[in-house]
Participant: 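Starting off with a structure, shown below.
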Amino acid sequence: MTVEIRRGTARFVTRVPGRLTRHSFSFGEHYDPERLSFGPIVCHDDHLVSGGEGFEEHAHSDLEIVTWVVSGAVRHVDADGREEVVPAGSLAVLSAGSGVRHAETAVPGAGPTRFVQTWLRPDETGTTPSYAVAPVDPAMTGLVPAPLAVGVAGATLQVAQLAAGDALSLPAAPRLHAYLTRGALLRSSLAEPLAAGDAFCFTDEPAHPVVAAVDTQMLVWTFAS
């Protein structure tokens with residue numbers, strides 16, 4: 001049973017023209033042997049991107065790539081000619097499977113674009129690639145189940161949407177990763193206040209109550225192992 005607090009200020013940072021990325025785990029030139037993964041999560045990046053900037057065409061295979069758009073909008077274009085615009089408050093799931101090539105850029109004129117992307121190891125490799133987008137109802141509060149599934153058995157994503165003073169219980173699970181995309185949590189028995197960019201990592205913990213200090217949004221992953 002462990003509780004770890006990962007502060008946003010302690011994350012690896014990549015700055016390139018038009019983009020600022022904060023990495024939760026080792027990525028590229030950033031390496032920490034104690035920060036390689038968490039269960040099936042192998043990458044958890046928070047991107048702030050200028051309009052028209054982002055990631056030009058590149059390849060992926062055998063990954064489940066989950067994108068949550070916090071603000072602005074992200075344009076996805078793949079080598080098969082598919083183009084999707086993913087607005088704020090929406091989720092996109094790319095199952096890379098046997099291989100895909102795509103580009104992701106911030107839509108010009110949509111305002112500052114920020115998105116959080118999680119890469120997970122899938123249960124099966126070499127599958128047929130797929131891409132899907134779905135919104136999360138902003139009127140729903142508490143822990144809202146993600147409208148799209150990923151190819152990882154026992155993996156569940158919920159979006160927590162809280163007003164100031166709202167409380168919720170982070171569920172018991174073999175592993176739980178709760179990331180604040182915006183807002184803040186009040187001080188609790190677990191930690192000093194958490195702010196946007198901070199995360200809880202629980203292993204074999206019971207349910208824990210948290211309270212929002214201001215309007216707050218969290219991405220809450222639970223895993224069966």
Side-chain angles (χ1 to χ4, degrees), residues 4 6-8 10-14 19-28 30 32 35-49 54-55 58 60-72 74 76 84 86 88-97 100 102 104 113-125 127 129-136 143-161 170-171 173-182 194 196-203 217-225:
E4 182 182 0
R6 293 189 179 176
R7 297 291 182 182
R11 297 180 190 279
F12 301 117
V13 177
T14 297
R19 174 170 58 85
L20 171 68
T21 297
R22 298 188 183 277
H23 309 276
S24 297
F25 302 100
S26 297
F27 192 91
H30 304 294
D32 181 342
R35 293 287 182 270
L36 299 178
S37 62
F38 184 74
I41 297 178
V42 294
C43 172
H44 188 282
D45 286 351
D46 193 329
H47 302 289
L48 182 62
V49 186
F55 301 92
H58 58 282
H60 292 291
S61 62
D62 294 329
L63 284 171
E64 297 290 295
I65 299 176
V66 180
T67 301
W68 172 255
V69 182
V70 181
S71 63
V74 175
H76 160 98
E84 292 274 359
V86 188
S90 293
L91 189 74
V93 176
L94 170 62
S95 296
V100 296
H102 78 144
E104 295 167 298
T113 292
R114 181 173 162 232
F115 61 100
V116 177
Q117 196 167 81
T118 308
W119 298 5
L120 304 100
R121 291 186 300 264
D123 293 333
E124 298 182 40
T125 59
T127 58
S130 64
Y131 186 78
V133 177
V136 171
L143 282 171
V144 180
L148 299 172
V150 296
V152 182
T156 301
L157 174 62
Q158 298 177 87
V159 181
Q161 303 183 120
L170 296 175
R175 291 185 188 270
L176 178 144
H177 185 279
Y179 183 75
L180 273 75
T181 59
R182 63 171 183 255
L194 266 68
D198 294 345
F200 285 121
C201 295
F202 295 164
T203 303
Q217 182 186 86
M218 289 190 292
L219 301 179
V220 181
W221 282 100
T222 55
F223 303 104
S225 61

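Along the sequence shown, the residues carry numbers beginning at 1.
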Participant: Might you point out which heavy atoms bring Asp32 and Ser26 nearest each other, and give the distance in Å?
Facilitator: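 Here Asp32 and Ser26 meet closest at N-OG, 2.7 Å.
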Participant: To the nearest 0.5 Å, what is the distance between CD (Glu64) and CD (Glu124)?
Facilitator: 10.0 Å
Participant: Which residues pass the side chain to side chain contact (heavy atoms under 4.5 Å, CB included) test with Arg7, not counting sequence neighbours?
Facilitator: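 If we apply the side chain to side chain contact (heavy atoms under 4.5 Å, CB included) test to Arg7, skipping adjacent residues, the hits are Ile5, Thr9, Ala191, Glu192, Leu194, Asp198.
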Participant: State the OG1-CZ distance between Thr118 and Phe25, to the nearest 0.5 angstrom.
Facilitator: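 One gets 9.0 Å once the value is rounded to the nearest 0.5 Å.
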Participant: Show me, pair by pair, the donor-acceptor contacts under 3.5 angstrom made by side chains of residues 217-225, not counting sequence neighbours?
Facilitator:
| from | atom 1 | to | atom 2 | distance (Å) |
| --- | --- | --- | --- | --- |
| Gln217 | OE1 | Trp68 | NE1 | 2.9 |
| Gln217 | OE1 | Thr181 | OG1 | 2.6 |

Participant: Does the ring center of Tyr131 lie less than 6.0 Å from the ring center of His102?
Facilitator: no
Participant: Quick one: side chain to side chain contact (heavy atoms under 4.5 Å, CB included) partners of Ala134, sequence neighbours excluded?
Facilitator: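 Applying side chain to side chain contact (heavy atoms under 4.5 Å, CB included) to Ala134 gives Pro147, Leu148.
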Participant: Using the side chain to side chain contact (heavy atoms under 4.5 Å, CB included) criterion, which residues pair with Cys201? Sequence neighbours excluded.
Facilitator: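 Side chain to side chain contact (heavy atoms under 4.5 Å, CB included) list for Cys201, sorted by chain: Glu4, Arg6, Phe38, His177.
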Participant: Here's a test for you: under side chain to side chain donor-acceptor pair (under 3.5 Å), which of His30, Gln117, Arg11, His47 qualifies with Thr21?
Facilitator: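 Only match with Thr21 under side chain to side chain donor-acceptor pair (under 3.5 Å): His47.
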Participant: Can you sort out the partners of Val144 under side chain to side chain contact (heavy atoms under 4.5 Å, CB included), two or more places apart, ordered by chain and number?
Facilitator: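 Checked Val144 against side chain to side chain contact (heavy atoms under 4.5 Å, CB included); matches are Val136, Met140, Gln161.
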Participant: Over all heavy atoms of both residues, which pair between Ala149 and Val93 is shortest? Give the atoms and the distance, please.
Facilitator: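 Shortest heavy-atom separation between Ala149 and Val93 comes out as O-CG1, 3.9 Å.
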Participant: Distance from Asp123 atom CG to Asp62 atom CG, nearest 0.5 Å?
Facilitator: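 It comes to 11.5 Å.
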Participant: Side-chain contact, heavy-atom cut-off 4.5 Å: Leu94 with Val100?
Facilitator: yes
Participant: Could you grab the distance from atom CG of Leu20 to atom OG1 of Thr14, nearest 0.5 Å is fine?
Facilitator: 8.5 Å
Participant: Could you tell me if the side chain of Pro171 sits less than 4.5 Å from the side chain of Leu143, heavy atoms only?
Facilitator: yes
Participant: Working to the nearest 0.5 angstrom, can you tell me the gap between Asp45 CG and Phe115 CZ?
Facilitator: 9.0 Å
Participant: Quick one: ring-ring contact (aromatic ring centres under 6.0 Å, His included) partners of Phe27, sequence neighbours excluded?
Facilitator: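 His23, Trp119.
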